[in-house]
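In what follows, a single structure is set out as structure tokens and then discussed.
Letters A, B, ... mirror the listed sequences (proteins, then strands); counts begin at 1. Please read all numbers here as calculations on a predicted model, not as lab measurements. Reckoned from all heavy atoms, side chains included, excluding hydrogens, waters and symmetry mates.
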Amino acid sequence: MSKEITSRATDYSQWYNDLVLKGGLADYSAVKGCMVIKPYGFALWENMRDNLDRMFKETGHVNAYFPLFIPKSFLSREAAHVEGFAKECAVITHYRLKNDPNGQGVIVDPEAKLEEELIVRPTSETIIWSTYKDWIQSYRDLPLLINQWANVVRWEMRTRLFLRTTEFLWQEGHTAHATAEEAVEETEKMLDVYATFSEEYMAVPVIKGVKTANERFAGAVDTYCIEALMQDGKALQAGTSHFLGQNFAKAFDVKFSNKQNQLEYVWATSWGVSTRLVGALVMAHSDDEGLILPPKIAPMQVVIVPIFKGDDQKAAIDAKVNTIIQELKAAGIRVKYDDNDNNRPGWKFAEYEMKGVPVRMAIGARDLEKNVVEVARRDTKEKMVISLDGVTQYIISLLGEIQQNMFNKAKAYRDEHITEANSWAEFEQLLDEKGGFISAHWDGTVETEIAIKEKTKATIRCIPLNNKKEAGTCILTGKPSEQRVLFARAY
RNA sequence: CGGGAAGUAGCGUAGGCCGGUAGCGCACCUGGUUUGGGACCAGGGGGUCGCAGGUUCGAAUCCUGUCUUCCCGACCA
């Protein structure tokens with residue numbers, strides 16, 4: 001069949017592409033590096049977005065929206081920031097087209113050149129801090145806790161569906177505080193929100209940590225991150241939360257009067273997660289038969305497939321299924337009844353397995369007689385025959401069990417793939433033969449970090465929060481080290 | 001951006017070297033039989049062969065350019 005999926009063992013990259021394309025999440029588009037997010041994929045993103053949005057609001061944040069375009073000069077106000085993003089910015093130079101005088105089509109009107117070019121935002125710190133200057137005068141205006149849901153553009157050389165696209169959807173929180181302590185607290189609080197969301201909703205275990213100076217966000221004092229592990233043993237940065245110090249306040253001259261009526265620069269944070277999370281979800285859980293989606297964010301949690309001979313049986317099944325659906329919906333469960341007659345049950349089973357629907361119910365005349373239904377769970381592929389009495393309660397607890405099982409399985413895999421290396425030979429062997437996170441001593445210098453990356457393609461994913469101090473020697477240079485850090489090859 | 005591969009109907013592909021009416025499977029439409037793990041029979045529709053030039057009486061096929069995708073690099077909060 002045309003919908004066969006490449007196995008993970010054959011070609012992991014192709015497996016991932018197959019799942020995204022054949023699972024109906026996204027498609028390639030006519031624009032290089034940009035994808036079309038299809039309804040099923042967007043529904044998944046919406047469920048992520050809605051839960052995150054609620055969590056942001058519960059922690060005191062409000063939403064706003066800032067422009068897509070940023071004056072070129074803004075970007076260069078913060079030196080490290082422009083350094084980090086300059087190489088991947090789309091630039092608007094003109095605002096008008098005209099008919100080509102020499103033939104068909106249209107050309108850029110050379111008379112419509114902009115006085116100052118506009119950058120399509122790769123991130124919004126600059127446009128937002130230029131605005132915050134007008135919003136903040138007093139300590140009474142702080143903290144300012146704002147989030148925006150937006151699209152951004154980063155002109156990457158090599159793109160991959162969801163994991164790295166030229167345009168992507170994300171949220172970016174931008175907060176302003178009176179003290180460094182409060183800003184750091186905010187940075188850590190939002191990292192916790194991300195970790196909670198990832199583990200409790202996506203069922204993807206993450207390691208919270210801090211980036212090294214070399215991996216830090218352009219313009220940040222400290223970058224916190226959550227790191228997840230994919231089934232091929234590569235790490236994926238799933239979210240970041242930055243303590244920006246006073247860098248952007250100084251760049252955009254944002255000061256406030258404190259209680260003593262002294263002017264001080266404002267302290268800042270920014271934090272974001274993107275549609276990349278969809279890629280993380282796919283790669284963390286799915287198998288060679290297709291997607292496996294966690295119940296809490298699956299667009300469909302339950303699909304019901306009728307099995308019938310003739311209209312009479314169909315009518316009897318419809319009647320029963322309608323009462324089941326009403327009960328499930330009343331319990332807040334997202335359920336679909338697929339009574340489309342174009343495809344037979346076997347086709348539907350395969351299709352919904354590919355789409356990763358957590359629970360499938362199949363019901364036929366035989367079941368009606370016995371007052372039962374066949375329930376199949378996607379995560380373990382087990383099938384159970386369940387009494388129709390109390391089936392709603394059963395499904396509710398089953399969805400909870402699937403959610404928990406998916407997390408447990410991913411966590412067991414992740415935990416098995418955090419390995420200590422105590423020598424260079426061991427480090428290289430682990431990278432090539434086992435993958436995953438490697439906990440090893442590092443002498444703390446950028447030079448060593450880069451040297452290791454050049455030799456092995458492994459990077460320091462993070463220094464875990466609450467890392468225990470432990471004297472040792474750097475695996476590459478043998479110089480003294482005070483703690484282990486986590487290395488991995490990463491997306 | 002460098003190296004490699006590819007683009008022919010919605011999807012997967014044959015044909016290309018050696019130029020001469022574009023074929024097959026799945027999907028789709030109509031009718032019928034079916035329905036407990038990717039149904040079957042009969043009939044039918046859909047293509048300027050990625051796009052733009054060029055060579056030629058004639059181009060899917062040869063030449064040039066260009067766009068897009070995939071794999072490996074470089075790049076990447």
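- With U68(B), U35(B), G38(B) as the candidates, the nucleotide lying closest to the side chain of Ala350(A) is G38(B).
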Secondary-structure string, 5' to 3', Watson-Crick or G-U under 3.5 Å, | for another-strand partners, for RNA chain B = ((((((((.[[[[.)....(..]]]].((((((.....)))))).....[[[[[..)....]]]]])))))))....

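- Look at Lys457(A) and you'll find a side-chain N or O under 4.0 angstrom from OP1 or OP2 of G73(B).
- Distance Leu21(A) CG to U68(B) P: 18 Å, rounded to the nearest Å.
- Contacts of Gly239(A) with the nucleic acid, taken as non-hydrogen atoms under 4.0 Å apart, are absent.
- Comparing the P positions of C49(B) and G53(B) gives a spacing of 12 Å, expressed to the nearest Å.
- Regarding Met35(A), its CE atom lies at a distance of 12 Å from the P atom of C70(B), rounded to whole Å.
- Taking the side chain of Arg360(A) as heavy atoms from C-beta on, and the options G37(B), U68(B), C70(B), the nearest nucleotide is G37(B).
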Which pairs of donor and acceptor atoms, one on a side chain in residues 281-289 of chain A, lie under 3.5 Å apart (sequence neighbours left out)?
unit_1, atom_1, unit_2, atom_2, d
His285(A), NE2, Met202(A), O, 2.8
His285(A), NE2, Ala203(A), O, 3.3
Ser286(A), OG, Val282(A), O, 2.9
Ser286(A), OG, Ile292(A), N, 3.3
Asp287(A), OD1, Glu289(A), N, 2.8
Asp287(A), OD1, Gly290(A), N, 3.2
Asp287(A), OD1, Arg378(A), NH2, 2.8
Asp287(A), OD2, Arg378(A), NH1, 3.1
Asp288(A), OD1, Arg8(A), N, 3.0
Asp288(A), OD1, Arg8(A), NE, 2.9
Glu289(A), OE1, Lys381(A), NZ, 3.1

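- Across C70(B) and C11(B), the matching P atoms stand 15 Å from one another, rounded to whole Å.
- Atom C1' of nucleotide C72(B) and atom NZ of Lys234(A) are separated by 11 Å, given to the nearest angstrom.
- Note on residues 301-310 of chain A: no pairs pass salt bridge (charged side-chain N to carboxylate O under 4.0 Å, His left out), not counting sequence neighbours.
- When the nucleotides G37(B), U35(B), U69(B) are ranked by their closest atom to the side chain of Phe349(A), G37(B) comes out on top.
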Listing, residues 185-192 of chain A side-chain donor-acceptor contacts under 3.5 Å, not counting sequence neighbours, or none:
unit_1, atom_1, unit_2, atom_2, d
Glu186(A), OE2, His61(A), NE2, 2.7
Glu186(A), OE2, Trp271(A), NE1, 3.4
Thr187(A), OG1, Ala183(A), O, 2.8
Glu188(A), OE2, Tyr224(A), OH, 3.1
Asp192(A), OD1, Lys208(A), NZ, 2.6

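- Scanning atom types as modelled, one donor and one acceptor separated by under 3.5 angstrom connect the side chain of Asp367(A) and the base of G36(B).
- With 3.5 Å as the limit, one finds a donor-acceptor pair spanning the side chains of Tyr337(A) and Asp318(A).
- Counting atom types as modelled, Lys383(A) pairs a side-chain N or O with a base atom of G37(B) as donor and acceptor under 3.5 Å.
- Among residues two or more places apart in sequence or in another chain, the ring pair (Phe, Tyr, Trp, His ring centres under 6.0 Å) test is passed with Phe487(A) by Phe427(A).
- Among the protein residues, Phe308(A) comes within range of the nucleic acid bases, having at least one heavy atom under 4.0 Å from a base atom.
- Considering only residues two or more places apart in sequence or on other chains, Asp339(A) meets the side chain to side chain donor-acceptor pair (under 3.5 Å) condition with Lys314(A).
- There is a side-chain donor-acceptor pair under 3.5 Å between Asp338(A) and Tyr352(A).
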Could I get a table of every N or O pair under 3.5 Å where one atom is in the protein and the other is in nucleotides 75-77 of chain B?
unit_1, atom_1, unit_2, atom_2, d
C76(B), O2', Glu156(A), OE2, 3.2
C76(B), O2, Arg164(A), NE, 2.8
C76(B), O2, Arg164(A), NH1, 3.2
C76(B), O2, Arg164(A), NH2, 2.3
A77(B), O3', Glu215(A), O, 2.6
A77(B), O3', Arg216(A), O, 3.3
A77(B), O3', Phe217(A), N, 3.1
A77(B), O2', Gln237(A), NE2, 3.1
A77(B), N7, Arg154(A), NH1, 2.0
A77(B), N7, Arg154(A), NH2, 2.4
A77(B), N6, Arg154(A), NH1, 2.8
A77(B), N6, Arg154(A), NH2, 2.8
A77(B), N3, Gln237(A), NE2, 3.4

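- With sequence neighbours left out, the side chain to side chain donor-acceptor pair (under 3.5 Å) criterion links Thr175(A) to His177(A), Thr269(A).
- Projected onto RNA chain B by closest heavy-atom contact, Asp11(A) and Ala376(A) fall at different nucleotides, the more 5' of which corresponds to Ala376(A).
- In the set G37(B), U35(B), G73(B), the nucleotide with an atom closest to the side chain of Arg344(A) is U35(B).
- In this structure, a donor-acceptor pair under 3.5 Å is absent between the side chains of Thr459(A) and Glu215(A).
- The residue Gln313(A) sits apart from the nucleic acid: no heavy atom pair falls under 4.0 Å.
- Side-chain nitrogen and oxygen atoms of Asn342(A) include none within less than 4.0 Å of the OP1 or OP2 phosphate oxygen of A27(B).
- Per the geometry, NZ belonging to Lys309(A) stands 7 Å off P belonging to G36(B), to the nearest Å.
- The list of ring-ring contact (aromatic ring centres under 6.0 Å, His included) pairs with a residue in residues 300-321 of chain A, not counting sequence neighbours, is empty.
- Take the nearest nucleotide of RNA chain B for Thr159(A) and for Arg366(A): the residue whose nucleotide is more 5' is Arg366(A).
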